[in-house]
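The structure appears below as structure tokens.
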Amino acid sequence: MEELDRLKKGLESSQTMLLKNSDNGLNCSFISYGLVKDDFVVKDEDLVDALTQTGPNGIVEGNNFERLRNNYGWFSLRVKSRKLLKELK
């Protein structure tokens, strides 16, 4: 999944993640030292659901950001397993 790879790269190179709903998905912006490092739209429903649970107010920073960065393997596994379960049904 291209979106998961881009999310991983954004987490590695930033300090804050902003999430905003848009017409065509969830806009995900990565901020480092006040500058936007990366900005893209997430269209996958399972990934959108997981990200909105991570940052319910649309801002992921501080401890929540570090937790997501450090547990990214489990996060991506959760998203991938949801997609697999939907395909098997």
4.5 Å side-chain heavy-atom contact, L26 and V41: no

Heavy-atom side-chain proximity of I31 to S14 below 4.5 angstrom: no

Distance (rounded to the nearest 0.5 Å) between [X] [atom1] and [Y] [atom2]:
{"X": "Y33", "Y": "Q15", "atom1": "OH", "atom2": "CD", "answer": "4.5 Å"}
{"X": "L4", "Y": "Y72", "atom1": "CG", "atom2": "OH", "answer": "4.0 Å"}
{"X": "N27", "Y": "D39", "atom1": "CG", "atom2": "CG", "answer": "4.5 Å"}
{"X": "F40", "Y": "F30", "atom1": "CZ", "atom2": "CZ", "answer": "5.0 Å"}
{"X": "D5", "Y": "S76", "atom1": "CG", "atom2": "OG", "answer": "9.0 Å"}
{"X": "L84", "Y": "L77", "atom1": "CG", "atom2": "CG", "answer": "10.0 Å"}

Is the shortest distance from a Lys or Arg side-chain nitrogen in [X] or [Y] to a carboxylate oxygen in the other one below 4.0 Å?
{"X": "E66", "Y": "R69", "result": "yes"}
{"X": "D44", "Y": "K83", "result": "yes"}
{"X": "K9", "Y": "D38", "result": "no"}

More than 12 heavy atoms of other groups within 6.0 Å of N63 CG: no

CD (E12) with more than 12 external heavy atoms under 6.0 Å: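 Enclosed.
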
Expected output: side-chain N64 to main-chain V60 donor-acceptor under 3.5 Å: no

Full working for side-chain contact (heavy atoms from CB on, under 4.5 Å) between L47 and L7: CA-CA 10 Å; L47 185 54; L7 180 66; 4.2 Å; yes

Shortest non-hydrogen contact between D46 and K86, atoms and distance: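 It is OD1-NZ, 2.8 Å.
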
Shortest non-hydrogen contact from M17 toward L51: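 So the two residues come closest at CE-CD2, 4.0 Å.
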
